[in-house]
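Reviewing the structure listed below.
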Amino acid sequence: MALVTTAEVCDANSQLIASGDLRALQPIFQIYGRRQVFSGQIVTIKVFEDNVYIRELLEEKGNGRVLVVDGGGSLRCAILGGNPVVQAQNNGWAGIVVNGCIRDVDEINGCDIGVRALASHPMKANKKRTGEKHVPITIAGTRIRDGEWLYADTDGILVAPNELSVWEACIDVASVLASKRISANHEALKLELRILNQMSIYCSPRKPFNRWTDSKPLVSGLVYTMILLAVISFWAAKKLDKVRFNGEYGISKRGISNS
Ligand SMILES: O=C([O-])CC(=O)C(=O)O
Ligand SMILES: [Mg+2]
C-alpha cells in the first residue's frame, strides 16, 4: 500500500468515504519516529494517564500491527516513553498512534517505527494498571475498532474496516501492457506511468473470505474429477470383463480358436 498515498486513496474512494467505511482522523497529531509512512492492522487500547497496559501490549510480537491508544487527550503527562517504543520497534510493531502525550522524543525519533501523538510532556504517567484493551475507541473525531486497518503518511491518517489492496491494480497493469503488446520502450513507460497514476482507483477493501463462493471452484473440480474417475473405472471394468470372457471362450480378434 505504500505505493499509494493517503491523498490518492481518498481521491479514488469517494464512495467508501461517503459510506463512512474510509475515515480520516482529524489532523491533531505530531509526527515522531523514523517511519513517516506506516500501516497495519489496529490494536486498540483505552487508558487515562496510566501506561501499564500500553507497555504490556508492546511487549507482545507486533507482526506489523499498529497500536492506537485513546489516552483521553490528556496533556498532563506522557503515557508513552522511549523504553516501550524501542521494545515495540524490536518486536515488529509498525506504528503507535497516541491520543495523548509522549516523552523521550529524541530516543523515539531514532526508532524505526512510526509514532503519532498530540505533543510531548516531561512528566511520566501513573502505574495503576487501569484501562481497557481491544475496545472500540473514538479519537480525533473517528470511531476506531480493534482489527481495522490504519494508513499513515505525511498527509494524515486513514482508517478502513479492511486492508486496502492494490493487488487488483497490479494485475491490471500487467494485463493492459500484455494486451497492447507495446514494443517501443518509451510508449510502454508512458502507459505504465499513466496506469500507476490511476492505481488508487482500483484500491478497494480486500474482500473477506467467503466460504461458499471462494471454495466453489475447488468443490466443482473435485466433483468433476470423481465423475471422470467413475466413468474410467466403469469403462475399464467392462473392458476387463470382455477380455476375461473372450479369454475363457478362446475368442480372439481373428475369430474362435480351437485350441
Ligand atoms: O516510565 C515511563 O512511564 C515512561 C518512560 O519514560 C519510559 O518508559 O521510557
Ligand atoms: Mg524514559
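These numbers come from the heavy atoms of this one structure, side chains and all, not from hydrogens, waters or symmetry mates. One-based numbering, in listed order, for ligands and for the atoms of each. Sequence positions, counted from 1, serve as the residue numbers for this chain.
Not one N or O on the side chain of Gln36 forms a donor-acceptor pair closer than 3.5 Å with the backbone of Asp153. Remark: side-chain polar atoms of Trp93 are not paired, donor with acceptor, to backbone N or O of Gly114 under 3.5 angstrom. For Gln89 (side chain) and Asp112 (main-chain N/O), a donor-acceptor pair under 3.5 Å exists by modelled atom type. With hydrogens and angles ignored, the 3.5 Å screen pairs no side-chain donor or acceptor of Arg143 with any backbone N or O of Ile139.
Of the residues listed (Lys127, Arg129, Lys128), the one engaging Asn51 in a side-chain hydrogen bond (donor to acceptor under 3.5 Å, both in side chains) is Lys127, and it is the only one.
Any protein N/O/S atom under 2.8 Å from the Mg ion (ligand 2) was counted, giving 1 altogether.
Within a 6.0 Å radius of CZ in Arg76, other residues, nucleotides and ligands contribute 12 heavy atoms or fewer.
Using a 4.5 Å heavy-atom threshold, the side chains of Glu59 and Gln87 count as touching. The closest side-chain heavy-atom distance from Gln41 to Val66 is not below 4.5 Å. Side-chain contact between Leu58 and Asn91: absent, with no pair of heavy atoms (C-beta onward) separated by less than 4.5 Å.
At least one heavy atom of Lys127 sits under 4.0 Å from some atom of ligand 1.
Atoms of ligand 1 found under 4.0 Å from any heavy atom of Gly82, numbered from 1 in the order shown, are 7 (C), 9 (O). Interface of Asp104 with ligand 1, defined as ligand atoms under 4.0 Å from a residue heavy atom, comprises 5 (C), 6 (O), 7 (C), 9 (O).
Closest to atom 5 (C) of ligand 1 by heavy atom, among Glu107, Gln87, Arg103, Met123, is Arg103.
Residue, atom and distance of the protein heavy atom nearest to atom 7 (C) of ligand 1 are Gly81 CA, 3.6 Å.
With a 4.0 Å heavy-atom cut-off, ligand 1 is reached by no atom of Leu80.
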